[in-house]
Each structure stands twice: as structure tokens, then as C-alpha cells.
Q: 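I have a structure here, written as C-alpha cells, and I will follow up with some questions on it.
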Amino acid sequence: MNALGVVQILLFIAVLVALVKPLGTFMARVYDGERTFLSPVLEPIERGIYRLAGVRPSAESNWKRYALALLLFNFIGFVVVYLLQRLQGVLPLNPQGFAAVSPDSSFNTAVSFASNTNWQGYGGEATMSYLTQMLGLAVQNFVSAASGMAVLVAVIRGFARRRASEIGNFYVDLTRGTLYILLPLSLLLAVILMSQGVVQTFSAYNSVDLVEPVTISTPVKDAAGAPVLDATGNAVTKSEQVTQQTIPLGPAASQIAIKQLGTNGGGFFNVNSAHPFENPTPLANFLELLAILLIPAALCYTFGRMIGDTRQGWAILVAMLVIFVPLTFAGYAAEQSGNPRLEALVDQNASATQSGGNMEGKEVRFGIANSALWASATTAASNGSVNAMHDSFTPLGGLVPLWLMQLGEVVFGGIGSGLYGMLMYAVVAVFIGGLMVGRTPEYLGKKIEAYEVKMASIVILVPPLIVLVGTAIASVTPVAVSSVANPGVHGFSEILYAFSSAGNNNGSAFGGLSANTPFYNIALGIAMWASRYWLMIPVLALAGSLAAKKATAVTAGTLPTHTPLFITLLVGVVLMVGALTFVPALALGPIVEHLQMIAAGP
Amino acid sequence: MTTEAKPIPGLTPVEGMAPRPKVPFVTGQILRSAIWESFRKLDPRVQIRNPVMFVVFVGSILTTIIGIGAALGEITSEGSPGFILAVAVWLWLTVLFANFAEAVAEGRGKAQAATLRSMRRHVHAKKLFSNKKSEYHTVESGALRKGDVVLVETGDVIPADGEIIEGVASVNESAVTGESAPVLREAGGDFSSVTGGTRVLSDWILVRVTAREGEGFLDRMIAMVEGAKRGRTPNEIALSILLAMMTLVFLLATATLAPFSKFAVEAAGQGSVVTMTILIALLVCLIPTTIGALLSAIGIAGMDRMVRANVIATSGRAIEAAGDVDVLLLDKTGTITLGDRQASAFIPAPGVTEQELADVAQLASLADETPEGRSIMVLAKQKFQLRGRDLAATPHAFHKFTAQTRMSGVDIEGRRLRKGAADAVRKFIEEQGGSWPSKVSEAVDTVARAGSTPLVVAEGRRALGVVELRDIVKGGIRERFAELRQMGIKTIMVTGDNRLTAAAIAAEAGVDDFLAEATPEAKLELIRKNQAEGRLVAMCGDGTNDAPALAQADVAVAMNTGTQAAKEAGNMVDLDSNPTKLIEVVDVGKQMLVTRGALTTFSIANDVSKYFAIIPAAFAATYPALDALNVMQLATPQSAIMSAVIFNAIVIPALVPLALRGVKTRAASAAQLLRRNLLIYGLGGIVLPFIGIKGIDMLLSAVGAA
């Protein structure tokens, strides 16, 4: 690690923390239905939407109806995205004339975007029409994010309310989250990104003349399209000079802004934020990084404000940072120290003229610190966008993003979903801690009893179940194993990473795994579907149960949940569950890879 | 409100009715029968009740089958039969140790129950068939029904729980309370209930049966200590769910290792797929067996501790709720202060000497048999050597204290001597045309403000002065309240005294708040108000007028001496009828939860070391580089796995004493308690097994078993 890299990471965290309170306050006002500075402009639109949809904004519902509304809305979103992909060939705004996407890939992508995962088995610029990108994917980028926030807000109301049966109106939460929070922030970010050179256009792809023409050899084919063979049986090739390159374009800036802000992560282009049109400059990189963690971090403050005790929100945020910061530096250190086996071949020391360390798969304009930071941020939050190739990281550098996902996407996590996941961990931490102080455990004045423990346990245990079982099936299924680019230990990491990503709704790809096959499209689709909605239902059930409870008084005998001690306990529970569940799998993947790397020497 | 039944002086305990003996912590007999029970509990129907231990049970069966198969040469892929069978033996021991822990806890309860049962015998009851006490049949106590009326005379054993409807008797209740001093029981009032199995020592009573045989007090006590009726408490259920979920996750984490291992073997081209035996061993080590094995023992031990404290709870739920109490309502008299007020000073009115006042006060108290009256006599004697006089020679008329006059005294030789409450005496004087000196009013106020009770003494139309009756605050109670405050429990003193008096005593005793001039309605209101603010309220009471408040309180301890109504309204009965017991009840409730929490934390923390022992051992053949994780430098893969399994098993019996005694709770805030327990059971739980497993591995190597 070097000073410049350390300073960049610390600066990023400082700016992030500074924005938590203002944005958090604003979001709390939005969800509490208060007036904000945007109300004069947006309120008429909001009212219009309700009138158009026939929603009575004052009518709140119990958790079951809330969950039903959410599931139905998400299901419709899934169907729309599926149909748009299948029919894009006959729909407008398709200047490249892309054909319909295959059924299994369409299924995978539709689930992926509806569930806020944004796992991409396809390559954007070679597959999706502008219409599909805008009307299908970008719309889901907004509403899947707003759905996650809506569930969170329902849980917060569960804590805040006493003896209530209603936890809110899903349509109002969805509308306000999209209209007041996601749209304005995306608009702002999109405009700034465009100033940095991110493209935003409806034009067809451009062809430009190459400065240096390139000569390639291509096989000669006969009239039937079969390769022509020479007398010895080898394919006949001919030299061809390439003088032009196709430059993919599109309405990218608008989609990139929300993909970062909404912890979506689905890139407009295949290489995501490593692409110069998606992430052109260091400033764009900094802002996109910030956008990944901005809302998840600020929601902690929103939570504190809405339950009437901001210390509780800060405590959760600190717990997240206590996990995030050391892991980020661990990843950075691993990448900067490079590969000992290459020591004799390559100079890996940082100097004034080179960044040193392991630069494979990284963009020179970002360097190691910003690539490692992005890798941590994008996997801590369930964003999944990348600005470097995680597959090319050192074993430990790759372990960091892998484990961050396996922690259940609760360190920042998906917007809304990360915090409600973390609150489930807090419920379990409070339960164990509460027993240890000799009282029926209570969190934020609500008694934690068998029902809450059951729901929280389900939420915590379902993702590991999906990840482990999925990986187990794939690692012994020949068709799945054949998709692995690097057989051996690293291949196992690739499979584990894919299921960790899908099973926790992250969506980032390690790379090296040809995942656009029916097996992975369907298996990962099911994983994304299950982990998103099987968690939302118990979370909402818990919210309903909490809302119905009366509040207990706080005394010296109550376990305080805003102190360093509780933060330690919470972090301990998150790390213990993550470690105890995944250590065997990690030992057979990145850990043994690392040990082999350092053991064998150059 | 009085709270203690007074032992009758002069009656000594009767031979042949020994107090209920205390059962020692663990006897050889309990241990022997527990070992036998451990095997009996191998019944799958028993095992399935505990999901964690059931997994171990199934694992034991599987490894045994594999081991036998390997020994017979039928199974070759699992490694040496000796190793597999050794693992199987230790897995069986793990199950047996868990059974043993439960059996020891139950055994202690059974020993308690046996002594209780020996107290209960079938007796002949004199069942009335008319409303005359001479007309009765003699029937077996078992034939009595609720509502029957029985006659119990000197020397008879009371055949069933009931309420006295006529008569008064002294009763030896040592069979249930362990207290040998006899107590007075009489019809009406707060001392009217009697317990089956106790013996009438003098006089006779008519008792209406309130519980038939088998449903009485002694029976409830027996059922409770035997654990027969022990329903699982809410927190225990919640914890079981968490443990079951964790078991499920570990089951997945280990089961998926088989395919992972297959992939690894193919990738590395060496080693062999991890065996079923090793996976089962790993699984058993990871799942929370320590807490799973001890969970029910902790619950039974909690009940047991209550019985030892002479408190009968109607359910385990009530004990657990005691740990959550935020507010304690404590009666002043008998709980905070000694039962009786004592005369401590004579304050004469202007123109009256102190001795004159003492003399009249003593005369007025001659017929006053209350402890207060006697204490006036004692004080007069101490200060002025005034002896009690015999009035037999002089014509005199005593005036007893009544609720209407609120005075008592004597008319002698034309002198009308009275003592009583200030306003009553004032009325008495003014009715006779006398005047009320302002100095007396001042003295009354001064005394009341100091927390004492003023009694005004008058002779005819003249007020002579004030006698101060002091409440004596019990020694050590102030410190106890300070501890409770630290634990976040608020104490409220309840008294019938006026505000001034109550405030002074509250300050002296160090309670947080007080309710003065308390009526049953005010008490009920206070409980409701606290509950509405989200607090859990505990109280104790004995009188029928306490019943509504007892029923409203979350934790309600009825005094055994109290009325049947009070006992039915409460959810615990204190056999010692000691209101201070409430504090102990809270302790026991907390201890039960703390013990469970601490052992859960310990159990999970243990897993870290087990990974370090087993993962390198299981995969070293495939990936030799993983040996770097063998930080304990365990001798061989086999000994590493054996050591982890053995440690996992022996930690259960090693922690049985802790589970039975309970983790020590201390007066500390929640934050202090959490820090302490996290350090001991969390951090300690991580470190200890590293040492333990290494130690066992060295032992195995030393005996050549590695």
C-alpha cells in the first residue's frame, strides 16, 4: 500500500460519512410523508400518479397486503422485462437490429433486474436494444431499488409503531422513493457523468477509421459457409486489413447513474464501469464509487431518525464501516503486494513510473487503490458493477469481495435490503446479548421473542443455503464444470463467486465463467429469485409482528444497542455467521490458492 | 396490612414432625441413577425432542454402521475401522453426556420430590355432612371434593388445601415451609388458608376444601420439581429455534463439502474425497452441542433453585418473567421495615414533665397487647423505671382500639386516659371543651416528618404530649435497593402511612419512589400506569384486597400465610412468607437467562478452533498447502479429528455444574454484564478449545493413539 492510495480510500470514506446526515434526514422526511424542498415541483406529479393508479395514499395496509402488493408489482416487472427481450426484434429503438434474446437468458436477466441483482449473463452492447435497456432494465433499476427501500421503511415502522397493525402503503413508499430520492439523484449524477464524457445518445453505433490499421487472418469459407481446407487438411486463411472499429453508443449516462445509486450494477456495456464510455475519468470514478454506498449508508441515519433515536442508526453504520474498512485495506494490500511467483519475471514494486503490484485486469486510469476500493464497495453493497476484473485479482484480493457478498449483503448491502438484513442480524445479536444480561431480549423497545427469532434466522440462513447448495450442485455437474475457464482451485472460486453473487443479489461477476448457458441462466435465476423474495416475506412478517407489540421502557437493565460494546457484538455475530458458514468453502477456494501461491515460491 | 404470620410463643415444635429436609446439591445416588437414565434416554422418541442432539444421535448410528462395515471389509472407502469406531464411540458418549446432564438435573428434582412425597400421606378426614361440627363421616382424604367441609382437631393432619371457615388453631407447617415454628390460622382475614399435609397442634378448625388431592400445593410442588409439568419457557423456545436453524446451516456447510471435495480431488489430481466419518465428526463439532445438551438441564435447575428458595411458581414462564422485572412494589411493613413500630421518645406538651407523660402513656397502654403498646411500656420502664401496675384493686374500664374511635385507653379513678391518632385525640379533647395546644401540633408534625408515627396522649380535656413510634428499617435493605437500581430495577414502597411519614422512610430505606396512603385501588392504578409505560411490575401480597393487584402484576408472589384468593391471583407462592424474597426471585429469573446466553455464546465461539483442527486434517491429502492452517500443530489428521470430537464431548459433563448452579449474576448494569460475559464466554470460548484440543492431541500422541 502507498500513501496516495490510503489517502484516496480515507477521503472516499470521509466524503461518504459527511453526506450521511443530510441525505438521511431528507429520506426520513420523504418516507414520513413530510414536505421537502422538492415538494412544490413533485407533489402535483405524485398526486397525479396516485389518481392515475387509483391509489388512496392515506390507506395503509398490514404486512400481508403490503407483501402481496410488493410481490405482484415485482412479478409484473419481471414479466415486462422478459417480454421486452423476447420481442425486441420487432420493437422500435433497435438501431443495431438485435434479435430476440434466448428464453433462458431472458428469464435470467428479467429475474436479475427485478430482484435488484443485475447479474448479467449477456453483453449489453451486443445483445440489448435501446428500448430494452431503457424501458426494461433502467425502469427496473429504479423500481427494484425503491422496492428494497419500501421494505426497509416498513420494517422501520414496525420498530417505531406501538400496537399497530398497519406498516404503510407499498405504492406510496414505492412512488415517493422513486420520485423524491432516486430520480433527482440520478438526474444530478447523470448530468455530471455526461460532463465527464459518458455517452448519452439514441444514435446508432459509430464506425471510425483506425489510426493504425491492424492485419488479422481470417479463415476462408466456401459458398456453403464451411471452412475451406488445403491439401494437408489445415484451414485456408487469408490476411485481412482492418481499418475501422465499431464504437458502441447509447443512452448510457442515465442508466449508469441509477445503476450505481440503486445498488443495481448492471452495466450498459459488457465490461461495465471499466469501459471508457461508462467510467471515463478519475472524477467519474470517484462519483460512481460514492453513488454505490451513498444511499445504503444514508439509510442508516434515516432509520435512526424515523425510530426517534439517531444513535441507533449511527451504531449500525459504524458496525458496517468496522467490517468494510479493514476488508478494503486487506484487499488493497493483497493487490499491491502482487504475486510472489512473478517476482523473478516482473518488477512489481511501486515507483514514480508504475503502480506496481498486481495490475492484471485493472484499468491504468484507476490503479490499484481505486480498483480494490471499488471491488470492496461494489460487493459490500449489493451493487455488482466493476471497474476491474475480479478474476484477475490475487487469491486474497478476490477473497475480499467474495466474502463481503457471503456476509449476506448486510455491510451496506442493497439499498434498503442491506439495512433490513443488518437489522435481522441486530435482532439475533440482541437475542444472544439479551440473554447474557438476564432479560428477555429487546431491541428498540420491542421484545424479541420466538417469532422474531424465527423470521430473523430464516433471513440470515436462506442465502448461505442457496449459495452452498448451488455451488455444490454446479461443482459436480459436468455441464456446469465445463463452463469454467480455469480448472483447478481457481475454477472452484469462479463457481462459488457466481452463486455467492446471485444468492445474495449482488450481481457482480468474477469472470472466467461462461455463465450464459442454460444451466447457469436457470440455476442463478432461481438463486436470485429465492434470495430476494424469500427474505422479503419473513422480513415483512417480522415488521408486522413488531408493529403489533407495545414498547417496553428503557432502564439500566436494558441492553443498550448504540454503544461500542453492542457494535462489537453485532460485528461479531455477522463475521461469525459468515465465517462459520463459508470457511470450508473458502478454504477449498481462495485460501488454498493463496497458500499454494506463497508456498511454492517463484 | 400485616404480612407475617406470627409464631405463637410458648409452643415448641412437635417431635416427629421434622422440617422438610434440604436436599444436598448432588449425591452419589443421584449420579448413579442419572447414569442409568442416560442410557434409557437413548430412545429415539426422547432424542427427537432436541434437534441438536438428535443430529448427533443419527451421526452416532451412521458412524457405527460405517465402522462395523469397515471392520467387516464391506466398506473400504472410509479409512481404518479403528478410527471410525473410535469416532463412533465418542459420538455416542456425546449423546450420553447430554442425557446425563438432563438426568442429573431431573434427579435432583426427583430427590426433592421424594422427600415432599413422604410428607404427603393418605389421612382420614372428618367430612361434615351437616353444618354441625359434631356430625361427620370419616373418609379417605382422596375422596374429598372441592367445596367439602372437614373438621380438623388437635393432632390431626389437614387432609387437603382449604380455607378456614370457622375456628382458630395453631398449625405446624414445617412440612411445606421447612420452618418449625407453628403459626396461627383463623377464619376470616388474611390468615385463613391452610395447606394439606400440615398438622393442627391445638384447637380445632372447620376447613372448606379448595383443592382435591393431587391438585394441592404439595402436589404442585412435586410436579414442578420433577419437571413433569415443566413447559418450555418463551425464551427457551426462541433459543431452541435459533439453535435448530444453526444446526441446519452447519448441516449444509458440511454436507456440501462432499461435492466440493470431489471437485477439489479432480482439480488437484491427488488425495481422496472427504469421508462420511470426517464429515459427521465435523458436523457434530460445529453444531451447538454444548448448549443443546445443557439447555433442558438449565431450565430444570432454574425451577429447582426456586424450590430451594421455598418459592413455588405456577410455571417456568413466571420465573423467566421475574428476570425482566423493571419495577418492584414492596410493602413497607415487614419488607422494608421490621414488622412493628417501636416507641422511641416522649415529647411532653408545655407544662407537662416527660415522666408524667410516660406514666400516663403507660397506664393507657396497659390493655394494649399490640407490639406498639408493649413497646411504650418498655420505653417507660427503661427511661423512668415505671413498672406495669396491677389495676385489679382499682375499679377501671379499658377502652379498646376500634377503627371508629382510633384511640385506646383506660378510665381509672375518674381519670380518662387516652392515646391515639392526633386528629382522633384532638376531637376527644375538643368535645370535652378542652383546648389543643399548638405545641402539640408542632410535635406531631415533627414526628411525622421524620417518618415516625405520632401518638397523642391525653388525660381528660388536657393533651399531655406525643409518643413517637419509630419504624425500624431493616439492616442491609438500603444496599439491596442500590444493587437493584444498578440492575435497572426501580423500587416503589407501598404504605398506608401519610405522605410525610412515607417520604421519610422512603428516604431512609433508599427506595426510588413510594405510594402513600395506599388503597388497593391506588395500588392497582400504580401497576397499570407502570405497565402502560412498558414496564414489568412485580409485587407481593397476602390479603384478599391484594388479589386484584396481584392478578394485574406481571410477577406476583403471594405469601403462603395469605388468603386463598391472594394465592390464586398470584403466579408464585412464597412458602416462607417473606416479602424480601421478591428480590431473590428476580435473581433466579435472571440467572436462568444468563446461563443460557453464556453457554450459547461459548458453544458457538468454540467452533473457530474446531475448523482449525478439522479443515486441514480433512483436506491435507488433496491440498498439502492447507497444512499451514494446522496452527495447533496437531500430530496427525486422525488425532486432530479425534481431539476435536473428544473435546466437544467432554466439555458437556464439565459444564454440568455450571448449568445446574447457574452463571453468577451480580448487581451490575446490562452493559457491564454483557462486557463481562462476552469476555468470559465469548473470548474464553474461542481460546479455551485451542488449548483443550492441543492437550488432548498430546495425550493421544503420548499413549500412541495418534
Side-chain angles (χ1 to χ4, degrees), chain A residues 428 431-441 445 448-450 452-454 457-458 460-461 464-465 468-469 471-473 475-476 481 487-489 491-492 550-553 555-560 563 565-566 568-569 572 576-577 579-585 587-588 591-592 595-596 599, chain B residues 234-235 237-239 241-242 245 248-250 252-254 256-257 259-264 267-268 286 320 323-324 326 485-490 533-535 589-591 593-594 596-598 600-601 604 607-608 611 615 619 623 625-626 628-629 665 669-671 673-675 677-678 681-682:
Chain A
V428 170
F431 182 74
I432 294 171
L435 289 183
M436 276 198 285
V437 303
R439 279 172 71 97
T440 295
I448 303 302
E449 294 166 291
E452 287 73 36
V453 169
K454 194 190 287 179
S457 303
I458 292 174
I460 290 174
L461 304 181
L465 185 146
L468 287 173
V469 171
T471 310
I473 294 172
S475 60
V476 291
V481 175
V489 183
F492 180 73
K550 61 178 185 184
T552 54
T555 69
T558 312
L559 176 75
T563 57
L565 187 65
F566 181 75
T568 310
L569 179 66
M576 276 299 259
V577 171
L580 293 179
T581 320
F582 289 105
V583 156
L588 295 178
I591 293 176
V592 70
L595 292 173
Q596 285 175 341
Chain B
N235 281 315
I237 294 171
L239 182 56
I241 291 172
L242 188 70
M245 289 287 190
L248 192 67
V249 153
F250 287 126
L252 280 168
T254 43
T256 51
L257 268 183
F260 294 174
S261 162
K262 184 167 172 284
F263 183 96
L286 292 179
E320 215 176 64
D324 295 346
D326 301 296
R485 194 169 309 117
Q486 253 189 318
M487 294 159 74
I489 298 173
K490 183 179 170 189
E533 286 163 7
R535 296 194 176 84
K590 284 203 180 297
Q591 204 174 29
L593 295 186
V594 172
R596 280 193 208 124
T600 304
T601 309
I604 299 167
D607 285 352
V608 175
Y611 269 137
I615 294 286
F619 299 107
Y623 293 130
L626 277 176
L629 295 183
T665 52
S669 70
L673 272 178
L674 181 64
R675 182 174 306 118
N677 287 330
L678 268 183
Y681 298 97

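Just so we're on the same page: letters track the sequence lines, and every chain starts at 1. Nothing here was measured: the structure is a model prediction, and the numbers come from that model.
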Q: Can you say whether A:V577 sits under 4.5 Å from chain B via the side chain, the backbone, both, or neither, judging by heavy atoms?
A: neither

Q: Which residue out of A:S475, A:A579, A:G488 racks up the most heavy-atom pairs below 4.5 Å with chain B?
A: A:S475

Q: Which region of A:A551, side chain (C-beta onward) or backbone (N, CA, C, O), has a non-hydrogen atom less than 4.5 Å from a non-hydrogen atom of chain B, or is it both or neither?
A: backbone

Q: With chain A as the partner, which of B:L626, B:T600, B:L252 has the greatest number of non-hydrogen pairs under 4.5 Å?
A: B:L626

Q: Under 4.5 Å heavy-atom distance to chain A, tell me which part of B:M245 shows up: side chain, backbone, both or neither.
A: both

Q: Could you check whether any side-chain heavy atom of A:V489 comes within less than 4.5 Å of a side-chain heavy atom of B:Y623, counting everything from C-beta outward?
A: yes

Q: Between chain A and each of B:D607, B:I615, B:L242, count heavy-atom pairs under 4.5 Å; write down the option with the most.
A: B:L242

Q: Counting heavy-atom pairs under 4.5 Å to chain A, which of B:T254, B:V249, B:D324, B:T256 comes out on top?
A: B:D324

Q: Write down the atom of A:M436, the atom of B:G597, and the distance for their closest heavy-atom approach.
A: CG-C, 3.5 Å

Q: Would you say that B:K490 contacts A:T555 through its side chain, given a criterion of any heavy-atom pair below 4.5 Å between the two side chains?
A: no

Q: Go through the atoms of A:T568 and report whether side chain, backbone, both or neither lie under 4.5 Å from a heavy atom of chain B.
A: neither

Q: Quick one: of A:L468, A:V469, A:V476, who has the most non-hydrogen atom pairs under 4.5 Å with chain B?
A: A:L468

Q: Among B:Y681, B:F250, B:F619, B:F263, who wins on heavy-atom pairs under 4.5 Å with chain A?
A: B:F263

Q: Can you name the closest pair of heavy atoms from B:V608 and A:M576 and give their distance?
A: CG2-CE, 3.8 Å

Q: Answer with side chain, backbone, both or neither: which region of B:Q591 has an atom nearer than 4.5 Å to a non-hydrogen atom of chain A?
A: neither

Q: Could you work out, with side chain to side chain contact (heavy atoms under 4.5 Å, CB included) as the rule, every residue matching A:T552, not counting sequence neighbours?
A: A:E442, A:K447

Q: Could you tell me which portion of B:A671 (side chain, backbone, both or neither) has an atom closer than 4.5 angstrom to a non-hydrogen atom of chain A?
A: both

Q: At a heavy-atom separation under 4.5 Å, does A:F492 approach chain B through its side chain, its backbone, both, or neither?
A: both

Q: Heavy atoms only, distances under 4.5 angstrom: which of B:T601, B:L593, B:I604 has the most pairs with chain A? Name it, please.
A: B:L593

Q: Return the minimal non-hydrogen interatomic distance between A:G557 and B:A670, and the atom names on each side.
A: O-CB, 3.4 Å

Q: When heavy-atom pairs shorter than 4.5 Å are enumerated against chain A, which of B:L248, B:L286, B:I237, B:L257 gives the highest number?
A: B:L257

Q: For the residue pair A:P441 and B:N235, what are the closest heavy atoms and their distance?
A: CD-OD1, 3.6 Å

Q: Could you tell me which portion of A:V583 (side chain, backbone, both or neither) has an atom closer than 4.5 angstrom to a non-hydrogen atom of chain B?
A: side chain

Q: Counting only heavy atoms closer than 4.5 Å, note whether A:T558 contacts chain B via side chain, backbone, both or neither.
A: backbone

Q: Please name all residues satisfying salt bridge (charged side-chain N to carboxylate O under 4.0 Å, His left out) with A:K550, sequence neighbours left out, ordered by chain then number.
A: none

Q: Spell out, as yes or no, whether a donor-acceptor pair under 3.5 Å connects the side chain of B:Y611 to the backbone of A:P584.
A: no

Q: What is the minimum heavy-atom distance between B:E533 and A:A553, and which atoms define it?
A: O-CB, 3.4 Å

Q: In Å, rounded to the nearest 0.5 Å, how long is the span from CG of B:L674 to CG of A:L569?
A: 6.0 Å

